[in-house]
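Okay, structure first, notes after.
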2 protein chains.
Amino acid sequence: MRLLPQPATENIQLTEVLRALSDPVRLEIVARLAAAGQMNCTVAGDALGIHKSTASHHYRTLREAGVVRTEQDGRLKYMSLRHEDLESRFPGLLPAILTATSLHRTPTTSEGTVSATAEARASAGSR
Amino acid sequence: MRLLPQPATENIQLTEVLRALSDPVRLEIVARLAAAGQMNCTVAGDALGIHKSTASHHYRTLREAGVVRTEQDGRLKYMSLRHEDLESRFPGLLPAILTATSLHRTPTTSEGTVSATAEARASAGSR
DNA sequence: CGTATAGTTGGATCGTTGTCAAACCATGGG
DNA sequence: CCCATGGTTTGACAACGATCCAACTATACG
């Protein structure tokens, strides 16, 4: 369970977090992470219908901004929200954003079927 | 007291708000607006040490994102935060961001302090 | 070892953005 | 009516970002 490099909590910058979350694809990833707890990269890419290299770019952006942590377990990498770190540095910010995304959810690309698959796979891969 | 065109409350998009606030200069404008209540455009530009056309661009970005309202009174235009509109659409978001900016403020918002200006300009200019 | 799987990296493309400068527009005062 | 003042618009420029494809790396499994 190797943890990929990420900024220390005290070095997380507000503008970078906001920038990371200002992209619809990344906001969607974060919303799904909040619901699922964690997520493997391929699942995220498949669910969002984007190329895997594009997905990889978004994971990196989120990780470097300090929004998510990535742990490698074998061939898989699992992302999860840095909830406590963000809360301690920007109290209330992430909850407010997650509330907003759930309030104004857009009927995204085949949300129901794909997200069901994504969740099934995500939970099957977790332990 | 003419009100400049702005998006209706229900049309304010989260990603656009986050995008608008992800620029250090605009975040500084918003922080000062929160402290001062309202602000005239030239004052903001002078205080931030940026060209007036650049400032104008940022005002427009903030207004079009739904973050600020602009009212024209004679030759002057006053900006103020759309606090209630944002609160009704994204509860807790703006307060959390303002809290974050005041928690991790570089120098304080007193006028005349130019170091904040220099830093904002430096990071913005080094894109 | 060889192969399949998971993800990254580099290159190419194309649109967006922050900045300044200069010209422009609008408003109120003399 | 003209001019000074407050802001906007346009143009140019350099940097950034999102995306895809193809090639690459790394890990596990047989």
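We name chains A, B, ... by the order of the sequence lines, and we start the count at 1 in each one.
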Exercise for the section: Round to the nearest Å and state the distance from Leu62(B) atom CG to dG7(D) atom C1'. Expected result: 15 Å

Practice task
Check the pair His104(B) / Arg89(A) against side chain to side chain contact (heavy atoms under 4.5 Å, CB included), numbers first and verdict last.
Solution key: CA-CA 9 Å; His104(B) 311 291; Arg89(A) 189 147 171 80; 3.1 Å; yes

Practice task
Rounded off to whole Å, could you give me the CD1-to-P distance for the Ile50(B) and dC20(C) pair?
Solution key: 7 Å

Problem - Rounded distance (Å) that lies between atom P of dT17(C) and atom NE2 of His58(B) - result: 12 Å

Exercise for the section: Say whether Ile50(A) and Tyr59(A) are linked into one hydrophobic cluster, either directly or through other cluster members, by side-chain heavy-atom distances under 4.5 angstrom. Expected result: yes

Problem - From NZ (Lys77(B)) to CD (Gln72(B)), nearest 0.5 Å - result: 4.5 Å

Write out a two-atom table: protein N or O, nucleotide N or O from nucleotides 26-28 of chain C, distance below 3.5 Å.
none

Completion exercise
Between Leu33(A) and Met79(A) the two heavy atoms that sit nearest each other are CD2-O, 3.2 Å

Handout entry: Closest to side chain of Asp23(A), choosing from dA18(D), dG7(D), dC20(C)
Key = dA18(D)

Practice task
Begin from the C-alpha positions of Val43(A) and Arg32(A) and carry the test side chain to side chain contact (heavy atoms under 4.5 Å, CB included) through to its verdict.
Solution key: CA-CA 11 Å; Val43(A) 166; Arg32(A) 289 176 186 228; over 6 Å; no

Completion exercise
From CD of Glu64(A) across to C1' of dC16(D) the rounded distance in Å is 14 Å

For nucleotides 8-14 of chain C, list the nitrogen or oxygen atoms of the protein found under 3.5 Å from its nitrogen or oxygen atoms, one pair per line.
unit_1, atom_1, unit_2, atom_2, d
dT8(C), OP2, Ser56(A), OG, 2.4
dT8(C), O5', Ser56(A), OG, 3.3
dT9(C), OP1, Arg60(A), NH2, 3.4
dT9(C), OP2, Arg60(A), NH2, 2.8

Problem - Side-chain heavy-atom pair Phe90(B), Leu103(A) within 4.5 angstrom cut-off - result: no

Exercise for the section: Could you point out which residue of Leu48(A), Thr61(A), Thr54(A) forms a side chain to side chain contact (heavy atoms under 4.5 Å, CB included) with Val25(A)? Expected result: Leu48(A)

Practice task
Starting from P on dT8(D), measure out to CG on Leu76(B) and report it in whole angstrom.
Solution key: 12 Å

Practice task
Enter the distance from Ser88(B):OG to His83(B):NE2 here, rounded to the nearest 0.5 Å.
Solution key: 12.0 Å

Problem - Angle between terminal axes - the helix from dC1(C)-dG30(D) to dG30(C)-dC1(D), 5 pairs each end, rounded to 10° - result: 20°

Exercise for the section: With the side chain counted from C-beta on, respond yes when Leu81(B) and Leu86(B) share a heavy-atom pair under 4.5 Å apart, and no when they do not. Expected result: no

Fill in the blank from the handout: Here the distance between atom C1' of dG7(D) and atom CD1 of Ile29(B), to the nearest Å, is 14 Å

Problem - ILVMFWY network linking Tyr78(B) to Ile29(B), side-chain heavy atoms under 4.5 angstrom - result: no

Practice task
Could you state the atom-to-atom distance from CG of Asn40(A) to C1' of dA28(D) in whole Å?
Solution key: 15 Å

Problem - Spatial distance of atom CZ (Arg82(B)) from atom CG (Leu94(B)) [nearest 0.5 Å] - result: 12.0 Å

